[in-house]
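What follows is a single structure, written as structure tokens, with notes after it.
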Amino acid sequence: MTTLAQLRKAALSFPETVEQATRTATAAFMVGDKPFASLGKDKCVHLHLPAKDADEMVAAHPAAEQYNRGAVRIGVRVPLGEIDGQQLNHWVRRAWLARAPKHLAAQVAAADTAVAGAVGNLPKAIGRPATQALASAGITTLDQVARLTESELLALHGVGPKAVRILAETLTATGRALKG
């Protein structure tokens with residue numbers, strides 16, 4: 001069963017995302033002052049998706065439904081328990097890309113093609129998922145990695161304990177360390 005913690009991890013893995021509590025949501029995630037995902041008090045995930053993506057999600061998930069604010073279609077809502085973690089990650093990403101400022105969306109989209117060992121001076125050994133997660137967050141150098149804590153790195157979707165260990169060892173070998 002998908003949880004609020006999984007929604008939070010997926011949403012906060014994107015650059016410049018902030019979480020806010022609102023009167024209608026348990027948690028709402030914003031980028032550039034635009035909401036893109038939230039968990040309503042009705043235990044439904046609300047995703048701000050363009051019409052094409054909204055239609056695709058409704059077709060793919062029987063429990064999903066369009067939702068409106070007045071006469072304006074806003075996106076899709078689906079009960080949290082009716083969507084698995086991988087699907088949630090996919091749709092949260094699509095919602096974020098649709099609502100993020102163009103420069104951030106382009107940075108995240110470019111990270112999709114990032115190759116381990118070919119981004120800045122990040123070590124190849126961290127692997128493709130971690131490399132893409134870091135690049136998506138705008139982190140391409142070990143100097144930038146050194147400004148982060150282990151918890152901040154682990155919060156990035158795609159960065160696991162092995163990648164953090166390799167990054168920490170690489171920093172230590174160059175006389176640096178993770179923050180904290």
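Just so we're clear, the structure is a prediction, and the values are computed from it rather than from any experiment.
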Single-linkage hydrophobic cluster, 4.5 Å side-chain cutoff, Leu97 and Phe29 together: yes
Nearest-0.5 Å distance, CZ of residue Arg128 to OG1 of residue Thr113: 10.5 Å
Nearest-0.5 Å distance, CG of residue Leu88 to NZ of residue Lys9: 12.5 Å
For the student: nearest non-hydrogen atoms of Pro101 and Val31, plus distance: CD-CG2, 3.9 Å
Partners meeting side-chain hydrogen bond (donor to acceptor under 3.5 Å, both in side chains) with Gln66 (sequence neighbours left out): Asp55, Arg73
Least distance between heavy atoms, Asp84 atom then Gln86 atom: OD1-N, 3.1 Å
Nearest-0.5 Å distance that lies between atom NE2 in His90 and atom CG in Asp53: 7.0 Å
Path from Leu12 to Leu104 over hydrophobic side-chain contacts below 4.5 Å: yes
In one Ile/Leu/Val/Met/Phe/Trp/Tyr side-chain cluster, 4.5 Å: Leu142, Val115: no
Side chain proximity check, Val58 to Glu65, heavy atoms < 4.5 angstrom: no
Smallest separation among heavy atoms of Phe36 and Arg99, with atom names: CB-CG, 3.7 Å
Glu82 side chain vs Pro79 backbone, donor-acceptor pair below 3.5 Å: no
Minimum side-chain heavy-atom gap Glu56-Val76 below 4.5 Å: no
Leu178 and Thr149, any side-chain heavy atoms less than 4.5 Å apart: no
Residue pair His48, Lys34: steps toward the side chain to side chain contact (heavy atoms under 4.5 Å, CB included) verdict: CA-CA 9 Å; His48 292 257; Lys34 293 182 182 178; over 6 Å; no
Under 3.5 Å: donor-acceptor pair, side chain of Arg69, backbone of Ile74: no
Spacing of CD1 belonging to Ile139 relative to CG belonging to Leu122, to within rounding of 0.5 Å: 8.5 Å
Exercise: identify the closest heavy-atom pair between Ile166 and Ala125: CD1-O, 3.3 Å
Gly70 backbone acceptor or donor facing Asn68 side chain under 3.5 Å: no
Rounded distance (nearest 0.5 Å) linking atom CD1 of Ile83 with atom CH2 of Trp91: 8.5 Å
Salt bridge (Lys or Arg N to Asp or Glu O under 4.0 Å) contacts in which one or both residues fall within residues 100-125, not counting sequence neighbours: Arg93-Asp112
Gln132 side-chain N/O to Pro129 backbone N/O, donor-acceptor pair under 3.5 Å: no
Single-linkage hydrophobic cluster, 4.5 Å side-chain cutoff, Tyr67 and Leu47 together: no
CG on Leu156 to OG on Ser136, rounded to 0.5 Å: 8.5 Å
Validation row: Cys44, Val78 side chains within 4.5 angstrom (heavy atoms): no
Side chain Gln144, main chain Gly138, donor-acceptor under 3.5 Å: yes
Greater than 12 external heavy atoms within 6.0 Å of His157's NE2: no
Min side-chain heavy-atom separation Arg8-Glu19 under 4.5 Å: yes
Geometric class of the Phe14/Trp96 ring pair [parallel <30°, tilted 30-60°, perpendicular >60°]: parallel
More than 12 heavy atoms of other groups within 6.0 Å of Gln107 CD: yes
Closest approach of Lys41 to Arg23 (non-hydrogen atoms, all atoms of both residues): CE-O, 3.1 Å
Minimum heavy-atom distance Ile126-Ala163, with the two atoms named: CG2-O, 3.8 Å
Pro15 side chain near Val108 side chain, heavy-atom distance below 4.5 Å: yes
Path from Leu4 to Val92 over hydrophobic side-chain contacts below 4.5 Å: yes
Minimum side-chain heavy-atom gap Leu154-Pro161 below 4.5 Å: yes
Val119 vs Leu134 side-chain heavy atoms within contact, under 4.5 Å: no
Pairs meeting criterion side-chain hydrogen bond (donor to acceptor under 3.5 Å, both in side chains) with involvement of residues 158-180, two or more places apart: Asp143-Arg176, Arg165-Glu169, Thr174-Arg176
